[in-house]
Amino acid sequence: MDYNFNEVEKKWQEYWRNNNIYKVDIDKNKPKFYILDMFPYPSGAGLHVGHPLGYIASDIYARYKRLKGFNVLHPMGYDAYGLPAEQYAIQTGTHPAITTEKNINRYREQLDKIGFCYDWDREVRTSDPGYYKWTQWTFIQLFNSYYCNQTKKAQPIAELVKRFESQGTEGLDAACSTPLTFTAEEWKAKSEKEQQEILMNYRLAYLADTMVNWCPELGTVLANDEVADGLSVRGGHPVVRKTMKQWLLRITAYAERLLEGLETIDWSESIKEVQRNWIGKSMGASLLFDIADKDINIEVFTTRADTLFGASFMVLAPEHEIISTIVSDEQRAAVEEYVTWAKNRSERERMAEVKKVSGVFTGAYGINPFTGARIPIWVADYVLMGYGTGAIMAVPAHDSRDFAFARHFNLPITQVVAKPGEEPSDASQWTESFDAKEGVMVNSEFLNGLTVKEAIATMIAKVEEMGIGKGKTNYRLRDAIFSRQRYWGEPFPMYYKDGMPYALDESKLPLELPSIDAYKPTETGEPPLARAKNWATEEGYKLETNTMPGFAGSSAYYLRYMDPQNNNEFISKEANNYWEQVDLYIGGAEHGTGHLIYSRFWNKFLFDLGVICKDEPFKKMINQGMIQGRTSFVYRVNVQKYKEYFANKEMPFDVETLGTSNLFVSKNIEGREFYSDPIRVDISMVHNDILDTEEFNQWRDDLKDSKFIFEQDKEGNPIYVCGWEVEKMSKSKFNVQNPDDLVAKYGADTLRLYEMFLGPLEQSKPWDTQGIEGVYRFIRKFWRLYTDENNEFSFSDEPATKEELKSLHKLIKKEEDDIERISFNTVVSAFMICVNELTDLKCNKREILEPLAIMVSPYAPHLAEELWHQMGHDDSVVMQKFPEFVESYVVENNFTYPVSINGKKRFDLELPITLSPAEIEKAALESAEAVKWIADKSVKKVIVVPKKIINIVVG
RNA sequence: GCGGAUGUGGCGUAAUUGGUAGCCGCGUCAGACUUAGGAUCUGAUGCCGAGAGGCGUGGGGGUUCGAGUCCCUUCAUCCGCACCA
């Protein structure tokens with residue numbers, strides 16, 4: 001009988017809970033450390049081994065920091081609003097709160113079994129009224145704020161009103177939907193409703209008609225990051241474009257700060273790049289083109305102002321409002337047809353046909369402001385209304401899309417940039433455009449001879465001087481659509497009066513989610529909340545029936561953990577000033593353009609309000625990789641293919657007599673890949689890639705008479721060998737590793753260690769079902785260090801030997817070095833080495849084993865706690881201090897140098913560690929081995945790297 | 001197309017950051033204890049070679065006394081964005 005992890009783990013989990021070991025409070029005598037996991041959405045499927053990977057890593061880091069004397073905040077909670085519970089509610093009528101509660105309890109049970117050190121007193125749930133009160137509160141603040149581009153921060157909308165009253169829009173530079181100009185008098189003359197409409201143009205949370213991603217299947221709109229390839233990310237339902245009145249958050253106001261802030265935080269380069277792309281800053285110019293024979297002009301945006309002389313046509317997005325004004329009578333019918341066609345195409349169709357060129361001529365012409373040339377204006381859906389001005393000047397010679405368009409419709413192509421080192425050529429003969437921003441300008445009047453970079457600057461200066469354009473920065477980032485036509489989400493704290501939205505008084509918060517009789521839209525197509533009885537204020541004004549999206553509740557949850565029970569303010573100054581921000585955030589990289597950018601935006605807004613003290617929410621972030629499944633396959637013989645394959649050959653087995661429906665052939669039987677179909681098989685029936693055929697027969701009714709063509713192992717025994725592939729872990733692929741099963745079989749500590757041992761945290765890797773045995777052996781070996789052959793604890797109080805100390809000190813150094821690099825797999829290796837060494841040394845000394853138990857406690861907390869108590873301590877190992885690094889972990893006084901002759905290692909030389917480089921060199925050259933190797937050659941050079949290597953160059 | 005990574009034994013990986021490549025583990029092989037082993041323990045295990053020795057970090061080139069690590073080039077795989085003017 002050796003280590004009984006079941007008993008031990010249960011005992012200490014109870015002890016930790018009963019003694020509130022992991023409770024944390026503000027303690028100004030200690031430095032703080034805030035380490036956070038992305039909180040999970042509690043789905044019905046429970047956890048698989050991939051989920052706890054990041055949690056285990058953060059738990060180890062949190063425990064380590066605590067041993068190092070930090071006051072560690074390490075909380076956990078639930079992102080409780082989500083579509084699955086609501087879909088389930090629609091189907092079954094079960095209130096999503098009930099489903100969610102059930103799932104949360106299951107999650108909690110699973111998490112507890114792994115032995116995390118969360119302070120559960122700080123748990124938050126986004127669907128708790130006490131929590132979403134502050135989500136609603138933040139929304140009201142957004143509604144009541146505008147963004148001043150001069151002070152570069154959010155300011156109260158009341159200040160804007162005062163400004164309008166005294167000076168109108170004079171001198172105003174604020175983020176807005178459409179630039180407006182009016183005087184103070186004009187403002188005062190407007191009705192209340194008109195004024196509210198104007199303010200809506202500036203609010204950070206505003207209501208507007210927008211093109212949205214409408215998902216008919218889900219009955220709601222989705223944000224851009226919730227749509228991929230024209231399908232909803234959750235559920236994979238088709239998404240169409242549609243204009244609807246929606247709440248939006250003016251995140252675009254913060255584009256520049258979101259971009260700049262990336263420089264100040266310690267995130268992976270790849271995720272920063274994802275965010276930079278998403279923000280998509282590009283600097284260019286906006287230019288005005290007059291329209292021939294009309295008294296209007298069109299504004300275009302370009303990053304290539306230098307190529308203006310090469311603009312041979314213009315293109316408008318199909319949604320561009322000027323189209324109907326400029327279109328000629330002859331072209332009107334064709335244009336209208338095209339616009340209608342373009343508008344009705346789904347996102348998916350559009351994406352699938354990106355390469356297909358389509359468009360129509362409007363019959364109108366723009367005027368090149370420099371040459372006066374008339375250039376035709378076209379409408380085409382490759383120009384997007386949502387970016388820039390929805391209109392472009394097309395320069396086919398230097399833009400591949402314009403080039404394709406010009407080729408298709410036979411429009412002129414004019415070269416204006418000469419490739420570096422080449423003479424200009426006839427652009428109409430080109431097979432592709434020259435898009436690079438290099439080379440020298442040609443055919444461009446005053447720009448000729450300038451480089452592209454110079455030409456851009458010169459052109460912008462010129463158009464600014466002429467008053468027909470100006471330098472301008474554009475962002476790809478769009479305002480975030482914030483309305484969802486669903487039930488299971490935060491209600492907006494807004495009501496409607498005279499058709500305009502107003503915020504509820506803050507004292508009315510939280511506005512609780514009402515009960516309704518069914519969770520789907522009303523017959524008239526209104527959102528589910530319209531079903532609620534008396535969904536109106538006390539005065540009888542109608543309340544908003546949309547709810548907030550999933551990212552609302554997750555955008556500032558990390559702040560609430562600092563002060564989770566505070567019912568009077570979002571977060572107290574005291575709590576925020578102490579905990580400041582998240583020091584280490586661990587979670588998946590898939591939230592790069594969603595949660596992680598919305599959080600940064602909310603954080604910056606709350607910072608502007610003065611509610612919090614840090615401008616960025618997450619100082620350092622680690623993105624853990626995904627754990628993939630390793631799917632096993634069996635191969636079912638396809639009789640037809642089999643007969644075809646062996647048509648002219650002798651058949652190795654007779655399919656007719658063996659039966660034709662469930663005949664499986666082992667992986668390495670010759671020709672198998674040509675006549676069999678792979679079928680996924682549950683990994684629980686496969687050991688070391690060998691199928692347990694009896695279990696397989698009992699797996700499903702339709703397989704109970706299966707027959708097998710075996711291959712032979714080395715001893716000639718018949719075995720059925722399965723194939724395998726790395727895939728996403730999922731129930732339908734029969735490759736799910738359930739943490740509960742693993743905990744039951746090997747214990748939580750083994751699971752924790754093994755998840756870390758699997759490889760670098762940030763890398764995606766398949767779950768290797770066999771490797772866990774090795775870690776399990778290590779755990780038991782560790783246990784045996786502390787126990788004798790009768791499984792009794794026994795320790796010696798003798799002083800440790802140099803060798804034993806060296807082993808321990810090496811481990812301390814390794815653990816301290818690697819944990820800061822979040823390289824836990826190498827630390828686990830170091831533990832294994834140390835335990836192997838100490839086992840060989842038969843070490844049972846207290847002096848070694850006590851610090852060792854403390855050191856292992858972040859990784860295997862249950863085992864460590866048991867050992868600690870068995871050594872006679874009353875307090876928890878969690879509360880101990882990490883052993884100090886002993887500088888002289890190299891205990892010997894000698895150092896062994898590898899000596900190389902001409903870069904080739906020849907022998908080892910042992911020298912005192914105290915020698916200077918010159919002395920080392922001298923000793924090396926005089927050594928007997930060196931003399932032998934150098935022989936008659938002359939020594940040209942000696943390279944000495946102290947404590948590393950000696951290299952002698954001879955010739 | 002643009003951007004970000006990553007390439008090391010049969011497999012997962014390591015390498016003191018430019019200094020003896022392959023630590024630790026899996027798998028495999030051999031041995032011990034066993035009626036037995038999907039148990040436990042011990043040893044071996046990069047490749048070629050009987051051996052001495054040779055070859056080895058995707059390929060090619062370079063810098064260096066010395067390169068998995070730095071530079072150039074090329075190939076392959078994965079991920080993200082994508083008609084963004």
Side-chain angles (χ1 to χ4, degrees), chain A residues 2 228 268-278 280-282 284 300-304 307 315 317 350-351 353-357 380-384 386-395 398-402 404-405 435 474-478 589-590 592-593 625-626 687-690 692 714 754 757-760 762-775 777-778 780-781 810 813-814 817-818 821 823 825-834 836 896-908 940-943 945 947-955:
Chain A
D2 52 10
S268 75
E269 203 40 52
S270 68
I271 201 152
K272 283 188 186 180
E273 201 56 34
V274 164
Q275 294 213 340
R276 282 188 202 110
N277 277 336
W278 194 255
K281 179 180 184 173
S282 62
V300 305
F301 175 77
T302 181
T303 54
R304 296 296 300 272
T307 61
V315 186
R350 245 182 106 152
M351 282 185 197
E353 293 168 14
V354 161
K355 292 265 141 34
K356 216 163 131 187
V357 178
D381 68 354
Y382 83 90
V383 173
L384 307 174
Y387 184 77
T389 61
I392 63 157
M393 63 171 199
V395 186
H398 304 290
D399 182 285
S400 54
R401 297 152 303 182
D402 298 344
F405 195 81
D435 294 12
N474 238 316
Y475 298 91
R476 205 185 71 103
L477 187 72
R478 310 287 159 81
E590 67 273 16
T593 55
M626 290 231 283
H687 310 280
N688 219 347
D689 284 342
I690 295 169
D692 185 323
K714 296 220 171 61
Y754 184 54
F757 185 66
L758 222 42
E762 303 203 59
Q763 226 166 67
S764 284
K765 55 235 159 187
W767 181 265
D768 175 358
T769 49
Q770 286 159 161
I772 195 166
E773 296 280 351
V775 175
R777 270 179 216 128
F778 158 75
R780 281 175 296 168
K781 210 165 175 179
K810 227 165 50 183
K813 179 167 167 52
K814 185 78 178 160
D817 286 355
D818 288 4
R821 304 161 33 205
S823 173
N825 54 328
T826 55
V827 179
V828 179
S829 292
F831 272 118
M832 290 178 174
I833 295 168
C834 181
N836 286 342
T896 308
Y897 287 89
V899 181
S900 305
I901 312 286
N902 283 353
K904 182 133 193 113
K905 196 227 162 178
R906 294 300 180 184
F907 59 91
D908 284 327
K940 284 189 168 163
K941 201 172 170 186
V942 181
I943 294 122
V945 184
K947 288 185 83 175
K948 278 196 176 153
I949 196 166
I950 302 166
N951 198 334
I952 301 169
V953 184
V954 295

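In what follows, every chain begins at residue 1, and chains take the letters A, B, ... in the order their sequences are listed.
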query: Within this structure, what is the CD-to-P distance between A:Glu762 and B:U6, rounded to whole angstrom?
result: 10 Å
- request: Provide, to the nearest angstrom, the distance between the CZ atom belonging to A:Arg276 and the C1' atom belonging to B:C81.
  value: 14 Å
- prompt: Within this structure, what is the CZ-to-C1' distance between A:Phe301 and B:C83, rounded to whole angstrom?
  reply: 16 Å
query: Checking all strands, does A:Asp402 fall into the base, sugar-phosphate, or nothing category for heavy-atom contacts under 4.0 angstrom?
result: nothing
- request: Specify whether A:Tyr382 and A:Phe405 have parallel, tilted or perpendicular ring planes, treating 30° as the upper limit for parallel and 60° as the lower limit for perpendicular.
  value: tilted
task: Please work out if A:Asn474 contacts a base, only the sugar-phosphate, or nothing of the nucleic acid, heavy-atom cut-off 4.0 Å.
output: nothing
message: Please classify the nucleic acid contact of A:Thr593 as base, sugar-phosphate, or nothing, using heavy-atom distances under 4.0 Å.
response: nothing
- prompt: Base, sugar-phosphate, or nothing: which does A:Ile833 touch, judged by heavy atoms less than 4.0 Å apart?
  reply: sugar-phosphate
query: For B:A85, does either OP1 or OP2 sit under 4.0 Å from a side-chain N or O belonging to A:Ser282?
result: yes
- line: Given the 90°-from-0 boundary between syn and anti, B:U63 should be labelled anti
task: Mind checking A:Arg777 for me? I need base, sugar-phosphate or nothing, with any heavy atom below 4.0 Å counting as a touch.
output: sugar-phosphate
message: Applying a 4.0 Å non-hydrogen cut-off, can you work out what A:Pro760 is touching in the nucleic acid: base, sugar-phosphate, or nothing?
response: sugar-phosphate
task: For A:Arg478, report the nucleic acid contact type (base, sugar-phosphate, nothing); a contact means any heavy atom under 4.0 Å.
output: base
- request: Look at all strands and tell whether A:Val383 reaches a base, only sugar-phosphate, or nothing, counting heavy atoms closer than 4.0 Å.
  value: base
Could you list the protein-to-nucleotides 1-4 of chain B atom pairs, N/O on both sides, closer than 3.5 Å?
unit_1 : atom_1 : unit_2   : atom_2 : d
B:G3   : O2'    : A:Glu273 : OE2    : 3.4

message: Among residues at least two apart in sequence or on other chains, which ones pass salt bridge (charged side-chain N to carboxylate O under 4.0 Å, His left out) with A:Asp768?
response: none
field: Integer-rounded Å distance: B:G80 C1' and A:Arg476 CZ
entry: 11 Å
- request: Report the distance from atom CG of A:Asp399 to atom C1' of B:A82, rounded to the nearest whole Å.
  value: 14 Å
message: Quick check for you: among B:C24, B:C26, B:A82, whose closest atom lies nearest to any side-chain atom of A:Phe757?
response: B:C24
task: Answer with base, sugar-phosphate or nothing: what part of the nucleic acid does A:Glu773 contact at a heavy-atom distance below 4.0 Å?
output: nothing
task: Under the side chain to side chain contact (heavy atoms under 4.5 Å, CB included) rule, collect the residues that match up with A:Arg276, sequence neighbours excluded.
output: A:Leu259, A:Leu262, A:Glu263, A:Glu269, A:Lys272, A:Glu273
statement: Of the listed B:G27, B:A15, B:G25, the closest approach to the A:Arg821 side chain comes from B:A15
query: So what does A:Ile392 touch, heavy atoms closer than 4.0 Å: a base, only the sugar-phosphate, or nothing?
result: base
query: Is the base of B:G38 syn or anti, where syn means the angle lies within 90° of 0?
result: anti
